[in-house]
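Down below is the structure, laid out as structure tokens.
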Amino acid sequence: MDYQRILDEIEQEVRPFTSQGRVADYIPALARVPADKFGMAVETVEGETFSVGDAAEAFSIQSISKVFTLTMALQFEGDALWTRVGREPSGNPFNSLVQLEYESGIPRNPFINAGALVLADVVLTHTANAKASVLDFVRALCARSDAGYDLDVARSERDWGDRNAALAHFLKSFGNLHNDVDAVLDAYVHQCSLVMNCLDLAKAFQYLAHGGVNPLTGQRLMTPSQTKRTNALMLTCGVYDAAGDFAYRVGLPGKSGVGGGIAAVMPGHWCVAVWSPGLNAQGNSLAGTQALELFTTKTGISIF
Ligand code: GLN
């Protein structure tokens, strides 16, 4: 398969659409990112990499980080996690408040913000320093000891994060946050502010294509069954209320972030990451989704 040629073609076809999306502006520090960026990287399970455009330029991974904290939370709590978080698509925006009231403080899934706040709470409970632990976890996945937090983005989100603060207090009122609300929000905005590029992400997701083993270290992070289930959750919940459309068009488990990144997995084959900051109405990268649709169409490879 000539992955490089396919990526080159996709860049040509998708570039004109980068201007159609809308850069997230509810976190002011993200609004400053130029909308015309486009990068894409593929890393095969054999470790070969291919990339195009701005694939080496770092960006704010935002909700893609929720996959990493889900993995950590499963390591700490195993199936007991599912007493505090559901596993169904929400069909609602990622920062919706209403469902949490109807469902008595149990977030629908780990990838909507309410669910990810519970994951952050679990990580806080089990680690002496949650921010350092998440950083260590991610650095081991992408072999980048310089991977770090963007403190401006974290501060900006904390200053403008009234919805997430509302969700956290709401969770606390139902007894579903065990730590101090401010500590949970602080851990959450920092994990969202993680800065990585497409090449880093295509590498960091490799354990999800390798049955739960980090191929760089040989360390098992999850059982094969937990890995299958994490991929299933990405397919059904990873891009929020666009999960049906994404499965229909792309056909891969994937996780998006409002920084414009999407990372996706073809178990046993490769991981792919794309970045284009302009978002569609559901808060997923518009050109990024298109690029992934073209990738599975041109390669003829998807989980379906
Ligand atoms: N930090 C963002 C928020 O909480 C993450 C949302 C996202 O990337 N979808 O709103």
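Everything quoted here is computed from the prediction, not taken from an experiment. Starting from 1, each residue takes its place in the sequence as its number. Side-chain atoms are counted along with the backbone in the values below, which use heavy atoms only and exclude waters and symmetry mates. Atoms within a ligand are numbered from 1 in the order they appear, just like the ligands themselves.
For Pro224, the side-chain contact (heavy atoms from CB on, under 4.5 Å) test picks out Arg220, with sequence neighbours left out.
For residues 198-242, the set of pairs meeting the ring-ring contact (aromatic ring centres under 6.0 Å, His included) definition, not counting sequence neighbours, comprises Phe68-Phe205, Phe94-Tyr240. Pairs engaging residues 106-159 under the ring-ring contact (aromatic ring centres under 6.0 Å, His included) rule: Phe76-His126, Tyr149-His190 [sequence neighbours left out].
Using modelled atom types, one finds a donor on one side chain and an acceptor on the other under 3.5 Å when comparing Asn179 with Asp121.
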Give every pair made of an N or O atom of ligand 1 and a protein N or O atom lying under 3.5 Å apart, one pair per line with both atom names and the distance to 0.1 Å, or write 'none'.
from	atom 1	to	atom 2	distance (Å)
ligand 1	1 (N)	Gln62	OE1	2.5
ligand 1	1 (N)	Glu157	OE1	2.9
ligand 1	1 (N)	Glu157	OE2	2.7
ligand 1	4 (O)	Asn113	ND2	2.9
ligand 1	4 (O)	Glu157	OE2	2.9
ligand 1	4 (O)	Asn164	ND2	2.8
ligand 1	4 (O)	Tyr188	OH	2.7
ligand 1	8 (O)	Ser63	N	3.1
ligand 1	8 (O)	Ser63	OG	2.6
ligand 1	8 (O)	Val258	N	2.8
ligand 1	9 (N)	Ser63	OG	3.0
ligand 1	9 (N)	Tyr240	OH	3.1
ligand 1	10 (O)	Tyr26	OH	2.5
ligand 1	10 (O)	Asn113	ND2	3.3

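With Asn109 contributing its side chain and Pro89 its backbone, the two residues share no donor-acceptor pair below 3.5 Å. Judged by distance alone, with hydrogens and angles left aside, the side-chain atoms of Ser104 form no donor-acceptor pair with the main-chain N or O of Leu100 at under 3.5 Å.
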